[in-house]
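To start, the structure under review is shown below, and the notes come after it.
Not measured: the values here are computed from a predicted model. All residue numbers in this chain count up from 1 along the given sequence.
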Amino acid sequence: MDKKMFCFQCEQTIGCSGCTGNSGVCGKTADTAKLQDELTGALIGLARAVDSTTAVSKKTSQVIIEGLFTTVTNVNFDNASIESMIQKVRAEKERLAPDCSECQSPCGKTDEYDMQQLWNADEDTRSLKSLILFGIRGMAAYAYHAAVLGHEDDEVNLFFCEALFKIGYEENTETLLSTVLKVGEINLKCMALLDKANTETYGTPEPTEVTLTVEKGPFIVVTGHDLKDLQLLLEQTSGKGINIYTHGEMLPAHAYPFLKKFPHLKGNFGTAWQNQQKEFDHLPAPILYTTNCLMPPKNSYADRVFTTEVVAFPGTVHIDEKKDFTPVIEKALELGGYKEDQILTGINGGTKVTTGFGHAAILSHADTVIKAVKSGDISHFFLVAGCDGAKPGRNYYTEFVKQAPSDSVILTLACGKFRFNDLDLGEIGGLPRLMDIGQCNDAYGAIQVAVALADAFECSVNELPLSFVLSWYEQKAVCILLTLLHLGIKNIRLGPSLPAFLSPNILNFLVENYGIGPITTPEEDIKTLMNHLLA
């Protein structure tokens, strides 16, 4: 493949086929894309050095998880930090197999993998291996956040090695397909691990109303997914006269009892992540990026962008593992914030949103929900969830929610909810029709709700009056989709466009076996999904 770069891992890839020029749609350059490929190839070499052991050391797992997370879309644009990560992977491989570098008769046992072999493979092999690769990249993000809170799983860690090995050296279609579904199986364990880590550390999420008004005075905006970073920032800003506002996937933090106790955790700033270049333009406050969804910052606010963990962008200040947020705090005090309170709104004009309807909160009202279904007060559940993005067509999800029957309940999670989470849809039986379950990893909670309802009605999840209407953008959405397929959930609607890395044969397999299909129009999809379950 004679291109400056090749990347088709996100939904907005050029022409729904692949970014191949000087830079990708996300903003990463061809040089950065090549370094990410080099890093992936080095990770495959490290996985080979692990060999067939029944356990992976904590150190090796940390390197693999961090390396995979670094390659997720909109995480790291900094070549120097990616090169440093590559050297860290190579050093760990050298530690595991020190004789390989000195061997005079190399066997290739721990050689790094040339990713051009994957991008130039036949389309079905490339499609299956891409599903595996992008799936474990997304899963690595969840494993990373769990590890930060001291939670790990040996089976999850070992699977990263197994999957990497097969990406490099497995060619059998049946084996690759079974590995694709195993990504979904292991990701379910990984999401459960993170759910446990979050709730044991911060308490069980509670339904919480969050204002979109920003008070006058100094403030900091925190975006991403890492609750530990938010906790540390709240602790370091306590008593300093600085308010903290969440952004994007950090919104669900307001629902955790431990974090709610900080009075200066005030509200949520901004809407969907892809609007950040407009909403952060001339913002009188610093922004701390804890995970992905970093867009190349404009000059108007680049001096107030701070990154931490694996997030990096050239020229911005990076907060290292010591987690001293003094530079962020000093910038907030210097900028001073707004002179007067700012009454801001969501995309649809709402001035507040509600989050915290995790599986524990919803299932605490299980009797009410079951009664409402049996009486006919609730006709249907729609899980309208997933990633947001800038490509035209995503207003479909807003219109879908607006047009959903008034006796239906909308469950949502991840950043796609910003398309409609400020709408007031009313209540059914004292319960809100719109329930925000949380971050993308809280898909685990949605699954627990579905399984509990299926048990209550003594049927399968596919027999419930429940439909999945998903949007996707990057790799965490891929691993969640694979988890749903692993569980046998059918008739998922996916959009706004299908993944470019799905070959016609692999797509046909998903259609025939799982009924997965592209979104059409809200009217047609609502009608089709409800009629399907009535049949």
Side-chain angles (χ1 to χ4, degrees), residues 145 148-149 198-199 201-271 273 276 279-280 282-291 293 301 303-309 311 317 319 322-346 350-356 418 421-422 436 438-439:
H145 297 316
V148 165
L149 297 176
N198 285 339
T199 54
T201 306
Y202 301 112
T204 301
E206 306 163 341
T208 303
E209 187 176 277
V210 183
T211 182
L212 303 183
T213 294
V214 177
E215 297 179 10
K216 64 180 180 180
F219 68 98
I220 298 170
V221 174
V222 186
T223 190
H225 305 72
D226 200 292
L227 299 179
K228 182 68 172 181
D229 285 324
L230 176 61
Q231 174 200 336
L232 295 174
L233 181 65
L234 286 167
E235 291 171 347
Q236 292 181 36
T237 51
S238 183
K240 288 184 168 59
I242 299 173
N243 290 329
I244 305 299
Y245 292 86
T246 57
H247 173 269
E249 283 280 65
M250 197 62 81
L251 167 64
H254 291 274
Y256 287 92
F258 180 90
L259 299 174
K260 287 171 68 174
K261 73 179 184 180
F262 291 94
H264 58 304
L265 178 59
K266 290 290 187 176
N268 191 73
F269 174 86
T271 55
W273 69 269
Q276 64 187 266
E279 294 175 344
F280 292 165
H282 302 293
L283 185 72
I287 310 104
L288 175 65
Y289 288 83
T290 66
T291 57
C293 298
Y301 67 89
D303 66 328
R304 59 208 66 180
V305 169
F306 296 82
T307 62
T308 191
E309 301 293 345
V311 190
V317 176
I319 306 299
K322 294 178 182 177
K323 295 298 180 183
D324 180 359
F325 291 111
T326 298
V328 190
I329 294 169
E330 290 177 343
K331 179 62 72 170
L333 293 172
E334 172 194 331
L335 294 169
Y338 293 112
K339 301 295 184 182
E340 302 293 337
D341 292 356
Q342 302 292 306
I343 301 175
L344 306 177
T345 69
T351 57
K352 60 186 178 182
V353 295
T354 302
T355 189
F418 284 96
N421 69 336
D422 62 325
D436 173 19
Q439 294 183 346

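Between I343 atom CD1 and T213 atom OG1 the span is 5.0 Å, to the nearest 0.5 Å. Separating the CD atom in E309 from the NE2 atom in H225 is a distance of 13.5 Å, to the nearest 0.5 Å. Distance CZ/F258 to OG1/T199: 14.0 Å, rounded to 0.5 Å.
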Worksheet item: Could you walk me through whether V222 and L233 pass the side-chain contact (heavy atoms from CB on, under 4.5 Å) check?
Response: CA-CA 9 Å; V222 186; L233 181 65; 3.3 Å; yes
Practice prompt. Report the C-alpha separation of V353 and D436 in whole Å, then their side-chain angles, then the decisive distance to 0.1 Å, and conclude whether the side-chain contact (heavy atoms from CB on, under 4.5 Å) test is met.
Written response: CA-CA 9 Å; V353 295; D436 173 19; over 6 Å; no
Practice prompt. Please assess L344 against V214 for the test side-chain contact (heavy atoms from CB on, under 4.5 Å), listing each intermediate value before the final yes or no.
Written response: CA-CA 7 Å; L344 306 177; V214 177; 3.8 Å; yes
Worksheet item: Between M250 and T290, does a side-chain contact (heavy atoms from CB on, under 4.5 Å) hold up when you go through it step by step?
Response: CA-CA 9 Å; M250 197 62 81; T290 66; 3.6 Å; yes
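By the side-chain hydrogen bond (donor to acceptor under 3.5 Å, both in side chains) test, N268 is found to be paired with T246, residues two or more places apart in sequence or in another chain being considered. Checked against side-chain hydrogen bond (donor to acceptor under 3.5 Å, both in side chains), E209 has the following partners two or more places apart in sequence or in another chain: K352. Considering only residues two or more places apart in sequence or on other chains, L283 meets the side chain to side chain contact (heavy atoms under 4.5 Å, CB included) condition with F219, V221, F269, F280, A285, I287, Y338. With sequence neighbours excluded, the residues forming a side chain to side chain contact (heavy atoms under 4.5 Å, CB included) with T201 are L149, listed by chain and number. Every side-chain hydrogen bond (donor to acceptor under 3.5 Å, both in side chains) that T271 has, sequence neighbours left out, goes to N275, E279. Residues that satisfy the side-chain hydrogen bond (donor to acceptor under 3.5 Å, both in side chains) test with T208, not counting sequence neighbours, are K260. Taking the side chain to side chain contact (heavy atoms under 4.5 Å, CB included) definition, one finds that T345 meets it with T351, sequence neighbours left out. Checked against side chain to side chain contact (heavy atoms under 4.5 Å, CB included), P257 has the following partners two or more places apart in sequence or in another chain: E206.
Between A255 and G356, the closest heavy-atom pair is CB-CA, 3.4 Å.
I244 has its side chain within reach of L230: a pair of non-hydrogen atoms, C-beta onward, lies under 4.5 Å apart. At least one side-chain heavy atom of I242 sits under 4.5 Å from a side-chain heavy atom of I220. Proximity of N243 to P218: side-chain heavy atoms (C-beta onward) are nowhere separated by under 4.5 Å. L265 is listed as a side-chain neighbour of H254, based on a closest heavy-atom distance under 4.5 Å. At least one side-chain heavy atom of N198 sits less than 4.5 Å from a side-chain heavy atom of L227.
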Run the side-chain donor-acceptor check on residues 324-331: report pairs under 3.5 Å with partners two or more places apart or on a different chain.
| from | atom 1 | to | atom 2 | distance (Å) |
| --- | --- | --- | --- | --- |
| D324 | OD1 | T326 | N | 3.0 |
| D324 | OD1 | T326 | OG1 | 2.5 |

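Residue pairs satisfying the salt bridge (Lys or Arg N to Asp or Glu O under 4.0 Å) criterion with at least one member in residues 242-259, sequence neighbours excluded, are listed as follows: E249-K417. Applying the salt bridge (Lys or Arg N to Asp or Glu O under 4.0 Å) definition to pairs two or more places apart or across chains, none involves residues 236-246. Listed by first and then second residue, the side chain to side chain donor-acceptor pair (under 3.5 Å) pairs that reach into residues 226-239 are H145-D226, Y202-Q231, D229-K323, Q231-E235, T237-H264, sequence neighbours excluded.
For the residue pair Q276 and Y289, a side-chain donor N or O sits within less than 3.5 Å of a side-chain acceptor on the partner.
The backbone N or O of G350 sits less than 3.5 Å from a side-chain atom of D422, completing a donor-acceptor pair.
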